[in-house]
Amino acid sequence: MSPALAIGILAGGRGRRVGDADKGWLPRGDRAQIQWLLDRLDTGMRVRVVANRNLERYRSLVPEVVSDDDAFGPFAGPLGGLLRLLEDMPDSHVLSLPVDMGSVPAGLCARFATAVAADPEYCHVAVDADGPQPLVAAYPRQMARNARAALERGCRSVREWQAGLPVSELDFRPIRFGNLNTPADWVQ
């Protein structure tokens, strides 16, 4: 039986470079970024959003929304959000995606599902034209213990945390996922 893979959208950032806005709700064309992202996920997989504000707004689109405010406080960073997903999702594996992704290639979820089925004990990290993308990655739930231990040690870097995990890279080059981090990124 194949491992169950769910999608976890990381939407808990402070949005400092975009005027402290919740990037999931910034407009992208005729819709909010979160809706744009959801429209591009080519799957019937379970989707959960982890956020620290606008939870009810997110629930209007995705029934499963959790707060990343826990023992590590609000805005614990992407690693705090990943911990919440790994601890709270009932599925055996979670594919994390940042809410501010600029591009979602066709077949993204299917490629991760295939990788997870082939190597269920690994963390599978996407590599795009810019290199490894630590927030576009699939994890087995049992890595939650390791994530909690890293946060307890004061680690907030997903890249640093992944360095201690068994990692397999999924090559998506020449595609560039991009991140919408600044007002200029949103204009483009």
Side-chain angles (χ1 to χ4, degrees), residues 2-13 15-18 21-51 58 61-62 77-79 81-82 85-86 89 91-140 143 157-163 165-188:
S2 293
L5 179 64
I7 297 167
I9 298 175
L10 299 166
R16 282 181 245 164
R17 291 177 279 182
V18 288
D22 183 339
K23 289 194 253 183
W25 295 104
L26 289 176
R28 179 142 185 201
D30 62 348
R31 60 188 41 141
Q33 172 65 16
I34 182 67
Q35 185 64 58
W36 179 92
L37 179 59
L38 290 169
D39 289 347
R40 277 151 184 78
L41 298 178
D42 53 344
T43 179
M45 292 177 185
R46 172 194 308 269
V47 177
R48 179 172 279 180
V49 172
V50 61
Y58 283 112
L61 299 175
V62 177
L79 188 53
L82 280 170
L85 292 171
L86 291 168
M89 293 278 269
D91 307 273
S92 65
H93 290 72
V94 175
L95 168 58
S96 68
L97 300 174
V99 75
D100 62 354
M101 280 183 79
S103 175
V104 179
L108 176 88
C109 298
R111 290 222 21 225
F112 274 99
T114 299
V116 164
D119 290 310
E121 302 301 315
Y122 279 75
C123 165
H124 300 276
V125 178
V127 177
D128 73 356
D130 294 327
Q133 297 300 313
L135 298 183
V136 182
Y139 306 89
M143 287 184 179
S157 166
V158 173
R159 191 179 305 270
E160 182 183 324
W161 172 61
Q162 285 175 351
L165 302 176
V167 172
S168 169
E169 294 184 340
L170 288 176
D171 193 345
F172 285 90
R173 290 175 286 199
I175 294 167
R176 181 178 184 271
F177 299 145
N179 293 93
L180 305 174
N181 288 319
T182 67
D185 294 337
W186 288 93
V187 169
Q188 290 177 2

Quiz item: With E160, which residues qualify under side chain to side chain contact (heavy atoms under 4.5 Å, CB included), at least two apart?
Solution: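 E160 satisfies side chain to side chain contact (heavy atoms under 4.5 Å, CB included) with C155, S157 only.
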
Practice problem: Only counting residues at least two apart or in another chain, list the ones meeting side chain to side chain contact (heavy atoms under 4.5 Å, CB included) with V94. | Solution: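 Scan of V94 (side chain to side chain contact (heavy atoms under 4.5 Å, CB included), adjacent residues dropped) gives L85, L86, M89.
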
Quiz item: Could you give the distance from CE (M101) to NZ (K23), rounded to the nearest 0.5 Å?
Solution: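 Output value for this atom pair is 13.0 Å.
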
Quiz item: Atom CD1 in I9, atom CG in L37: separation rounded to 0.5 Å?
Solution: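 Answer rounded to 0.5 Å: 4.5 Å.
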
Between the side chain of [X] and the main-chain N/O of [Y], is any donor-acceptor distance below 3.5 Å?
| X | Y | result |
| --- | --- | --- |
| S96 | L135 | yes |
| Q33 | V99 | yes |
| Q162 | P134 | yes |

Practice problem: Please state whether the rings of F112 and F172 are parallel, tilted or perpendicular, taking 30° and 60° as the class boundaries. | Solution: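 Plane angle under 30°, so parallel.
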
Looking only at heavy atoms, what is the nearest atom pair of [X] and [Y], with distance?
| X | Y | answer |
| --- | --- | --- |
| W36 | G102 | CH2-O, 3.3 Å |
| C109 | L5 | O-CD2, 4.3 Å |
| P132 | E169 | CG-OE2, 4.0 Å |
| M45 | A113 | CE-CB, 4.0 Å |
| A6 | D91 | CB-OD2, 3.2 Å |
| L82 | L10 | N-CD2, 3.8 Å |

Quiz item: Among all residues two or more places apart in sequence or in another chain, which pass the side chain to side chain donor-acceptor pair (under 3.5 Å) test with R159?
Solution: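 Here no residue qualifies.
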
Practice problem: Among residues two or more places apart or on two chains, list those pairs meeting side-chain hydrogen bond (donor to acceptor under 3.5 Å, both in side chains) that have a residue in residues 101-120. | Solution: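 Every pair satisfying side-chain hydrogen bond (donor to acceptor under 3.5 Å, both in side chains) with a residue in residues 101-120: there are none.
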
Quiz item: With sequence neighbours left out, what residues match D30 under salt bridge (charged side-chain N to carboxylate O under 4.0 Å, His left out)?
Solution: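 Once residues adjacent in sequence are excluded, D30 has no partner under the salt bridge (charged side-chain N to carboxylate O under 4.0 Å, His left out) criterion.
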
Practice problem: Could you list the residues that satisfy salt bridge (charged side-chain N to carboxylate O under 4.0 Å, His left out) with D128, not counting sequence neighbours? | Solution: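 D128 satisfies salt bridge (charged side-chain N to carboxylate O under 4.0 Å, His left out) with no residue once adjacent residues are dropped.
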
Quiz item: Is the number of heavy atoms from other residues, nucleotides or ligands within 6.0 Å of OH (Y122) greater than 12?
Solution: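 At most 12 heavy atoms, drawn from other residues, nucleotides or ligands, come within 6.0 Å of this atom.
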
Practice problem: Report yes if some heavy atom in the side chain of H124 is under 4.5 Å from a heavy atom in the side chain of P140; otherwise report no. | Solution: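 A side-chain contact is absent here, since even the closest heavy-atom pair is not under 4.5 Å.
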
